[in-house]
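Structure first, commentary second.
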4 protein chains.
Amino acid sequence: MSDDYKKNKKALILKSAFECFAEKGFQVATMEDIVKHSNISKGAIYNYFSSKDEIYIELMNERTSESINKLRDELGRLKTSNEKLEHLFNVYSDVNKTSDYVNATRVHIEFWLYSTRKDDLRTIMISRFNMYKDLFKTIIDEGIKNGEFSKKANSEELSLIFWGVIDGSSLHHAMLLELFPFQNVITELKQIIYLKLKEK
Amino acid sequence: MSDDYKKNKKALILKSAFECFAEKGFQVATMEDIVKHSNISKGAIYNYFSSKDEIYIELMNERTSESINKLRDELGRLKTSNEKLEHLFNVYSDVNKTSDYVNATRVHIEFWLYSTRKDDLRTIMISRFNMYKDLFKTIIDEGIKNGEFSKKANSEELSLIFWGVIDGSSLHHAMLLELFPFQNVITELKQIIYLKLKEK
Amino acid sequence: MSDDYKKNKKALILKSAFECFAEKGFQVATMEDIVKHSNISKGAIYNYFSSKDEIYIELMNERTSESINKLRDELGRLKTSNEKLEHLFNVYSDVNKTSDYVNATRVHIEFWLYSTRKDDLRTIMISRFNMYKDLFKTIIDEGIKNGEFSKKANSEELSLIFWGVIDGSSLHHAMLLELFPFQNVITELKQIIYLKLKEK
Amino acid sequence: MSDDYKKNKKALILKSAFECFAEKGFQVATMEDIVKHSNISKGAIYNYFSSKDEIYIELMNERTSESINKLRDELGRLKTSNEKLEHLFNVYSDVNKTSDYVNATRVHIEFWLYSTRKDDLRTIMISRFNMYKDLFKTIIDEGIKNGEFSKKANSEELSLIFWGVIDGSSLHHAMLLELFPFQNVITELKQIIYLKLKEK
DNA sequence: GATGAATGAGTATTCATTCAT
DNA sequence: TATGAATGAATACTCATTCAT
């Protein structure tokens, strides 16, 4: 079979797995669920992945890489630090409307907790986290350097605040759904962060 | 047996359960784990709780009630909105030093995700969330009313930002441990929120 | 404590046990059920009976002895074989109206099956069965001897038919309840048995 | 795997289950017993049946259907009401010699009691009972119509007596085994029923 | 004697993984 | 490669019995 065929099949399995994990949670979703959802036999799945854990890990790997690459790509196309920062806020301001985002939140946070207890994963997740952190931090640092932002801004902490709000609010949003004014929160967050960035 | 005896036993079981859930997660921790950890027999545990789920729910109920009551109590003793807000920041600025807090985070967030999928729990958790939200919001609203804070402040969104950072950063902290500068983040958060609260 | 007190308590326990076994069956009813139903503590019950099995066996012992003694007593007061036979038919013709009888049937037949698998009980139950069989058989034999019944009657087989119908119909009745015309069956049985008994 | 293979496997499991239930009773026999007796793994059994209860119910369904179909088939081949009735008596006169019959009795009567307490099963069992009842009753009714039997015969009650003796005696036989003269009882029953059927 | 909390072996059921076809 | 039947260790929960008070 061609490599393409295999890649496709793997992708199909991962997609199904994601949907099953989103619906029930990783622990509760069974291989049988994935079999039914994907219409791929149990044996076939085990030809591509050696365990349920591996599916989980590979799935999250792929999703995170994809998401971070996409972000980097988009940011790379923008010029000013202002534009870049703006873009970051927009991404998360829009994203919440889809019910996909709620599913993604559940799966990602469950995986985050899961990684917390596995040293090999923990290392990976920490470096991933730092990538996200640096994404924001670098924008601020560059903005400071080129005079767009105030020198008083603490890029490290502001970045951690930004990602804290993103993850914390995603968690809250996953529970409250339409009751949670995700967009307003992001807008306000942008405002107060800019108060700091423009502080004299 | 006295009511006190029973209360004590229940508390003992809950404490053990919390520690087991913290170590392995609710789904992975087994009743056998709790038996071994608590030195209380399986049958005895089932005399006090009708299921593993009930242990989980009662455990979280108790912890949340306790925590929110404690907060309210402490805030009730303070006079100005400034003092109250300050207190809230301090609570979460200090709390992170204990490894207990990491455990608590893991268990609480896992329960949060768990509740996301059970309608009866979801209702409860939403009202709990609103209590926390209102705790912060009320301080701001009162501060605005009595002139301590700027009228430009959006109490609702600021509250959601505050709790977003608390929960999001707790999650990040649970992974990064001492690598995560929890205190600095809170300090910075306080600063930028105050920028808004003091805005003219 | 007086012997009377003890006897009373035992009787109370047995009564409760019977009602629990009737409701759920011996295997399904728990000691806890008996505790709740009797308002006698678990420990107390074990002071009077050494096991659930013992309760069952003693309960059935008592009920069977009582029932057979009552029958013998009533029959002893009657003179002719005709009267005696008539009485026997009447007893079972009336008995079915009470819902108590359905309960008794369930418990007795379950115990009968249970005894089937325990050699010590089996011996006892066989001798019990023979007592019932002889009760009917003796009436016929005496009736033949004193000329009330035809010499062609096979007392042994007629007795077995009688008790077969009683037990079989009780079983059917326990399922069909008011749909089962117990009384009609007994009446018809009496008729055809009398056809034989009066055969020339 | 072919449908035949599956049917076979199911039959194998049911056969094993029947033997285990016969030996120990449904409640006492464990899934582990069936596993050992059948040499089929626990998981495999659960691939074919969703619970121990389902095994029980499907087992009894099958056995009853089979038995009633066989009876109907055999009776259908016979012409006169006399021949048909004769056949029915013969079936139960012969059947008792096998130890299989004792096992069947135990399992069937335990299931009868069990159904007594489950409304869905009760409905089914009542209709099953009526099939058996009608089998006998119809023979009598036809015999009356075509002049083979006396008009004085009450087909309904005679049928209930017949099945009462069959079930009651089977129960007695299950306890007394070779001590119970099953054949003689049936012979005598036939005689007295015929006395009625030939009554002028 | 009475109480009811504690014990822990026993039970039905699930599910990740394997493997013959 | 794909299939899905088979495996069996693992798990939540039950309940007869014991025993400290």
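Small disclaimer: the values here were computed from a predicted structure and weren't measured. Throughout, a chain's letter reflects where its sequence line sits, starting with A, and its residues are numbered from 1.
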Proximity to DNA chain F (any heavy atom under 4.0 Å), residues of residues 23-41 of chain C only: C:A29, C:T30, C:M31
Residue pairs passing the salt bridge (charged side-chain N to carboxylate O under 4.0 Å, His left out) test where at least one lies in residues 9-23 of chain A, sequence neighbours excluded: A:K10-A:E58, A:K15-A:E19
A:F49 CZ to F:dT1 P, straight-line distance once rounded to whole Å: 14 Å
All side chain to side chain donor-acceptor pair (under 3.5 Å) counterparts of B:S16, not counting sequence neighbours: B:H37
Sugar-phosphate only, base, or nothing, as touched by B:Y48 at under 4.0 Å among non-hydrogen atoms: sugar-phosphate
Below 4.0 Å: OP1/OP2 of F:dA2 and any side-chain N or O of A:K9: yes
Distance, rounded to the nearest Å, where B:Y56 contributes OH and F:dA12 contributes P: 14 Å
Side-chain N or O of A:K42 closer than 4.0 Å to phosphate OP1/OP2 of E:dC15: no
Interatomic distance, C:S51 atom OG to C:I57 atom CD1 [nearest 0.5 angstrom]: 7.0 Å
By side chain to side chain contact (heavy atoms under 4.5 Å, CB included) - contacts of A:S115 (at least two apart): A:F111, A:L121, A:M125, B:M175
Partner set under side chain to side chain contact (heavy atoms under 4.5 Å, CB included) for D:R117, not counting sequence neighbours: C:R106
Given DNA chain F, 5'-ward residue of the pair D:A44 and B:K52, judged by closest heavy atom: D:A44
Any residue meeting side chain to side chain contact (heavy atoms under 4.5 Å, CB included) with C:S50, in chain and number order, not counting sequence neighbours: C:E54
Whole-Å gap separating P (F:dT18) and CG (C:N47): 12 Å
Of A:V35, A:V107, A:I34, the residue whose pairing with A:C20 passes side chain to side chain contact (heavy atoms under 4.5 Å, CB included): A:I34
Pairs involving residues 7-34 of chain C, ordered by first then second residue, that meet ring-ring contact (aromatic ring centres under 6.0 Å, His included) (sequence neighbours left out): C:F21-C:F26, C:F21-C:Y56, C:F26-C:Y56, C:F26-C:Y114
Distance, rounded to the nearest Å, where A:I55 contributes CD1 and E:dC15 contributes P: 15 Å
Pairing pattern in dot-bracket form [Watson-Crick, G-U; both distances under 3.5 Å; | = partner strand] for DNA chain E: .||||||||||||||||||||
Set of side chain to side chain contact (heavy atoms under 4.5 Å, CB included) partners for A:T30, sequence neighbours left out: A:E32, A:D33
B:G43 vs C:I45, nearer the 5' end of DNA chain E by closest nucleotide: C:I45
Toward the 5' end of DNA chain F, by each residue's nearest nucleotide, D:Y5 or C:S51: D:Y5
A:Y46 side chain near F:dT1 phosphate (N/O to OP1/OP2, under 4.0 Å): no
Protein-nucleotide distance (D:D3, atom CG; F:dA5, atom P), rounded to Å: 10 Å
